[in-house]
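Counting begins at 1 with the first residue of the sequence. Atoms within a ligand are numbered from 1 in the order they appear, just like the ligands themselves.
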Amino acid sequence: MTQLVHGNSELRLAMNGLGSNICLVPTMGALHDGHAALIHAGKEFVGKDGCVVVSDFVNPKQFGQNEDFEKYPRNIEQDLKVARSAGAHILWAPSVEDVYPGQWPMDIETDPRFEILEGKSRSGHFAAVLEVVTRLFNIVQPNIAVFGEKDFQQLVFISEMAKKREPQIGILAVPTKRDFDGLALSSRNVYLSSDQRNVAHLIPDALKQGVLLASKGANLQEIKDSVKEVISKSNLIEIEYVDILNNELNELIPGIVGRILIAAKLGNTRLIDNMPILLKEES
Ligand code: PAF
């Protein structure tokens, strides 16, 4: 049975008596099967004596001025259903005051990699994500926290931050859950019109094509061009970036697994995706 709680003291009370192995699954709500996969992974990791807390907080600070904070889907009853069927113990929906009490400042070290990929069009986004995640960690004090690989850049920064500032918390990364046609599950998929949804599979198709070409020895430019070619099959999709980097988001050298990452817009909806990629070493 999943308990829905709001304030921080209500959360502490609900956690009392539940398992001592605490798993946090941070989310912004609008829960779907991708979040259920995170909850399952967390449950499995903490075992019988574990307690899985799903945070449900649309963090205002990580949205830019022209982004979708106001219209971001919110439906706590539906979230409770998903959390319950995935077996979470607690769904915690705090207020802004619970997460940012008294607005005490928090130092987040910046990094030039905050400005690449997502950071190019979302200035301040990653500092805000790291701040909110640190605050959620401080309140819940989990043993592990679970994040999806779909937000790969975010996952890299959170893993590095946890290693440095919260080494007692393990970070569990879960592979992207996909729809029947390969589209990565995302809370923003609900914004797509049916025409847009019908062609959205071109995003994962393009990444797969890039991965295939890499395995055949194509170079970075040839891979990026092939991704663009697949996406150009529909004029409803516009690529914002395609990049191929190593797992620390630096230059990828052949022979080591890295990531191919994409952001694309369908109308006003911006979707991201990524897949592991291996550039072939020259023989
Ligand atoms: O990935 C998300 O849903 C958010 O960025 C997170 C990690 C919950 C922080 O608000």
Side-chain angles (χ1 to χ4, degrees), residues 8 11 22-39 41-42 52-64 67-76 78-79 82-83 86 88 90-100 106 108 111 113-114 117-119 121-140 142 144-163 165-166 169-177 184-191 249 259 261 263 269-274:
N8 298 354
L11 168 70
I22 297 162
C23 165
L24 172 65
V25 183
T27 80
M28 296 206 300
L31 301 187
H32 49 65
D33 282 355
H35 297 107
L38 304 184
I39 298 170
V52 177
V53 178
V54 178
S55 63
D56 188 322
F57 178 63
V58 187
N59 174 33
K61 283 197 177 188
Q62 73 185 71
F63 288 79
E67 290 185 41
D68 54 345
F69 174 68
E70 296 301 338
K71 76 165 196 180
Y72 197 80
R74 292 163 172 88
N75 185 341
I76 197 73
Q78 175 61 19
D79 289 349
V82 176
I90 297 173
L91 180 67
W92 170 48
S95 66
V96 172
E97 291 71 32
D98 290 315
V99 177
Y100 297 100
M106 181 172 278
I108 299 293
D111 187 303
R113 295 169 304 159
F114 286 5
L117 305 170
E118 288 302 282
S121 63
R122 308 186 76 187
S123 167
H125 174 71
F126 288 112
V129 168
L130 291 183
E131 175 175 358
V132 76
V133 168
T134 305
R135 288 177 185 275
L136 299 174
F137 282 0
N138 289 345
I139 298 167
V140 178
I144 68 151
V146 190
F147 296 88
E149 286 184 357
K150 188 179 78 67
D151 296 286
F152 190 78
Q153 194 177 7
Q154 159 177 292
L155 173 65
V156 170
F157 298 147
I158 291 172
S159 305
E160 291 176 358
M161 181 272 286
K163 223 184 219 168
R165 290 173 66 139
E166 315 276 355
I169 303 174
I171 303 296
L172 187 62
V174 175
T176 303
K177 186 108 182 151
L185 294 188
S186 162
S187 303
R188 291 189 167 99
N189 290 353
V190 297
Y191 299 151
L249 304 175
R259 287 271 156 176
L261 307 106
T269 305
R270 194 172 170 284
L271 300 180
I272 57 172
D273 199 354
N274 66 82

*Is any side-chain N of the basic residue among Asp68 and Arg188 closer than 4.0 Å to the acidic one's carboxylate O?*
yes
*Within a distance under 4.0 Å of any heavy atom of Gln62, pick out the atoms of ligand 1 and give their elements.*
4 (C), 5 (O), 9 (C), 10 (O)
_For Pro26, the ligand 1 atoms whose distance to one of its heavy atoms is below 4.0 Å_ = 8 (C)
*What orientation do Phe126 and Phe114 show, parallel under 30°, tilted 30 to 60°, or perpendicular over 60°?*
tilted
*Please step through side-chain hydrogen bond (donor to acceptor under 3.5 Å, both in side chains) for the pair Asn59 and Tyr72, ending with a clear verdict.*
CA-CA 11 Å; Asn59 174 33; Tyr72 197 80; over 6 Å; no
*Report, in ascending order of atom number, the atoms of ligand 1 lying under 4.0 Å from any heavy atom of Gln154.*
1 (O), 2 (C), 4 (C), 5 (O), 7 (C)
_Within the 4.0 Å heavy-atom shell around Thr27, which atoms of ligand 1 are there?_
8 (C)
*asked:* Show the atoms of ligand 1 that are less than 4.0 angstrom away from any heavy atom in Val132.
replied: 9 (C), 10 (O)
_A cation-pi test, strictly: NZ or CZ of Lys61 under 6.0 Å from the centre of the six-membered ring of Phe69 and no more than 45 degrees from its axis. Yes or no?_
no
*Charged N-O contact under 4.0 Å between Arg270 and Glu118*: yes
*Quick one: nearest non-hydrogen protein atom to atom 3 (O) of ligand 1, plus distance?*
Met28 CG, 3.6 Å
